[in-house]
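Single-structure report; data block below.
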Amino acid sequence: MLHIVNKSPFQTSTLDTCLRMAQSGHALLLTEDAVYAATSGSAIEERIRQACGTVKVYALQPDLDARGVTAKLIDGVTLVDYGGFVDLVVEHPTSHAWL
C-alpha cells in the first residue's frame, strides 16, 4: 500500500495516524507541506527515521525545492519527481491519500 500525506505534521496529526497504520512493506509519500517531516532538525525527525526501518519513505522533490528545504533531507528518505510519484502509484495496487 502507498500512503500519501500532504498535511504539515505541525498542524495536524494526520502523519502520526498514518505512521501508526502503515505496515512493513508499505510505502509513504510526503507531498506539499508534509515534506517538512522529512527534514533534519524537525520535531518529528526521529519518528520519520524510525519509520524508514519498516516502510519506504519518499518525498516529492519539487515540494521540498519550493520550500527551500531540499538540503535538509533526512538520510533514508528517497526523493521522487512527478514521474516517480506516478511510478509509485503504479507500483502499489492500493493507495490511500491521508487528508
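Since the model is a prediction, treat every value here as computed from it, not as a measurement. For this chain, numbers begin at 1 and follow the sequence in order.
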Legend entry - Residues in side-chain contact (heavy atoms from CB on, under 4.5 Å) contact with Asp81, at least two apart in sequence or another chain: none
Inset, instruction - Taking all non-hydrogen atoms of both residues into account, name the closest pair between Val35 and Ala59 and its distance. - result: CG1-CB, 4.5 Å
Legend entry - ILVMFWY cluster membership beyond Met1 - transitive side-chain contacts under 4.5 angstrom: none
Legend entry - All side-chain contact (heavy atoms from CB on, under 4.5 Å) counterparts of Asp16, not counting sequence neighbours: Arg20, Ile44, Arg47
Distance-only donor-acceptor pairs under 3.5 Å for side chains of residues 89-99, two or more places apart:
unit_1, atom_1, unit_2, atom_2, d
His92, ND1, Leu88, O, 2.9
Trp98, NE1, His3, ND1, 3.1

Inset, instruction - Give the intermediate values and the outcome of side chain to side chain contact (heavy atoms under 4.5 Å, CB included) for residues Leu60 and Leu30. - result: CA-CA 6 Å; Leu60 193 62; Leu30 302 169; over 6 Å; no
Side-chain polar contacts of residues 6-15 - donor-acceptor pairs under 3.5 angstrom, sequence neighbours left out - could you list them?
unit_1, atom_1, unit_2, atom_2, d
Asn6, ND2, Glu32, OE1, 3.2
Ser8, OG, Phe10, N, 3.1
Thr12, OG1, Thr14, N, 3.4
Thr12, OG1, Thr14, OG1, 3.1

If you look only at distance, which donor and acceptor atoms sit under 3.5 Å apart when one is on a side chain in residues 48-56 and the other is two or more places apart or in another chain?
unit_1, atom_1, unit_2, atom_2, d
Arg49, NE, Glu45, OE2, 3.0
Arg49, NH2, Glu45, OE2, 2.8
Thr54, OG1, Ala51, O, 3.4
Lys56, NZ, Thr78, OG1, 3.0

Legend entry - Atom pair OH/OG1 of Tyr58 and Thr31 - distance to nearest 0.5 Å: 15.0 Å
Legend entry - Distance in Å, Asp65 CG paired with Thr70 OG1, rounded so as to fall on 0.5 Å steps: 3.5 Å
Inset, instruction - Side-chain contact test, heavy atoms from C-beta onward, threshold under 4.5 Å: evaluate it for Leu19 versus Leu28 and give yes or no. - result: yes
Inset, instruction - Mind checking the CZ-CD1 spacing from Phe85 to Ile4? Nearest 0.5 Å is all I need. - result: 4.0 Å
Legend entry - Ser42 side chain reached by Tyr36 side chain, heavy atoms, under 4.5 Å: no
Inset, instruction - Work out which heavy atom in Pro62 is nearest to a heavy atom in Val80; give both atom names and the distance. - result: CD-O, 3.8 Å
Inset, instruction - Could you walk me through whether Arg67 and Asp33 pass side chain to side chain contact (heavy atoms under 4.5 Å, CB included), step by step? - result: CA-CA 8 Å; Arg67 288 154 181 81; Asp33 284 343; 2.9 Å; yes
Legend entry - Leu73 side, atom CG; Leu79 side, atom CG - distance, nearest 0.5 Å: 5.0 Å
